[in-house]
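Taking it in order: structure first as structure tokens, then the write-up.
This structure is a prediction, so every number in the text was calculated from the model and none was measured. In what follows, every chain begins at residue 1, and chains take the letters A, B, ... in the order their sequences are listed.
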Amino acid sequence: MPELPEVETTCRGLAPHVEGRRIRALTVHDARLRWPVPAELPAMLAGQTVTGISRRGKYLLFHTAAGIMMIHLGMSGSLRLVTPGTPRKTHDHLVWDIDSGWELRFHDPRRFGCCLWLTGAQLADPQSHPLLASLGPEPLSADFGDDHLFSQSRGKSAPVKSFLMDSHVVVGVGNIYANEALFRVGIHPLREAGRIGAERYLRLTEAIRDILAEAITRGGTTLRDFVNGKGEPGYFQQELTVYGRAGQPCVRCGRMLKEVRLSARSTVYCGHCQH
DNA sequence: CGTATCTCCTGCAAGC
DNA sequence: TGCTTGCAGGAGATAC
């Protein structure tokens, strides 16, 4: 599951090999992603130079003069650079021939990802695209201020974990990091978002910043291996204190960690340390 | 508007 | 061994 750190790692890993390079061709082996890959995309991209790669939330934006290619990795998607001639794997749906000599491949078994094409007004201002327009602030930017979570949560009765994972509140806090951040600050995941005070939200805000920044740092250690498909997501190297550890002892108090389903998401917490 | 549920899809694990 | 069944999960769409 690509979380924000892995998307950021992908962005940084691709940039030196793709920015300033020309796309010779795009081959669509399977257009059936979350939304169909636009039929005109190969023709639109051919010959275009990628002027830059940026990220908004978990969306990656490949900028060209003709348009912006917007990619989301969904749950199982990945982008890898390989040498031409590398055998194509099952679920390698999209292949870009780059004039740097690399081939960029989009691999996505579950096809929850997408690859869209932004033109016209959305080329001039991609933030106006419907999928981007209502996104919350970047968790590592100044827009994610100390007071943001507290002020946004007033009057909300949803569980704080659902609130945190709402991309309209703040982007990039997926299931893994929502679990981890709540454990770190001792907040019960099912607590009503609107009934948590400003002080606790400040500590939660700092925990989200710290955990994501740390994960990106660790993800960065995989950058040297990113090319040619050897990249491991940074968070697999990060010690996870609760996610995936239901039934195991709490690292703080030793009691058994509990698990509940919240909107079909695995939610793990310590009933003693989190209130 | 806020909240909960449904939905897409495939790999994997468990059960028989 | 090989089949069937259940399940996870990002986030937009839909229903209330």
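The aromatic rings of A:His93 and A:Phe106 are tilted relative to each other, their planes meeting at an angle between 30° and 60°. Note: A:Tyr201 and A:Phe163 have perpendicular aromatic rings, judged against thresholds of 30 and 60 degrees for the angle between ring planes.
As a whole-Å value, the separation of A:Phe106 CZ from B:dC9 P is 15 Å. A:Leu262 places its CG atom 8 Å from the P atom of B:dA4, with the value rounded to the nearest Å.
A:Tyr243 has no side-chain polar atom (N or O) that falls below the 4.0 Å cut-off from OP1 or OP2 of C:dA8. Taking side-chain N and O atoms only, A:His91 has no distance below 4.0 Å to OP1 or OP2 of B:dC9.
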Solution key, residues 113-120 of chain A side-chain donor-acceptor pairs under 3.5 Å, sequence neighbours excluded:
none

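The residue A:Ser162 sits apart from the nucleic acid: no heavy atom pair falls under 4.0 Å.
The residue among A:Asp108 and A:Ser157 whose nearest nucleotide of DNA chain B is located toward the 5' end is A:Ser157.
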Going through the checks in order, is the side-chain hydrogen bond (donor to acceptor under 3.5 Å, both in side chains) test met by A:Ser134 and A:His168?
CA-CA 6 Å; A:Ser134 62; A:His168 302 103; 3.3 Å; yes
If a protein heavy atom is under 4.0 Å from the base, mark B; if only from the sugar-phosphate, S; if neither, -; do that for nucleotides 10-16 of chain C going 5' to 3'.
BBB----
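Looking only at distances, a side-chain donor or acceptor of A:Glu3 sits under 3.5 Å from a matching main-chain atom of A:Gly174. Between the side chain of A:Glu180 and the main chain of A:Leu240, no donor-acceptor pair closer than 3.5 Å is present.
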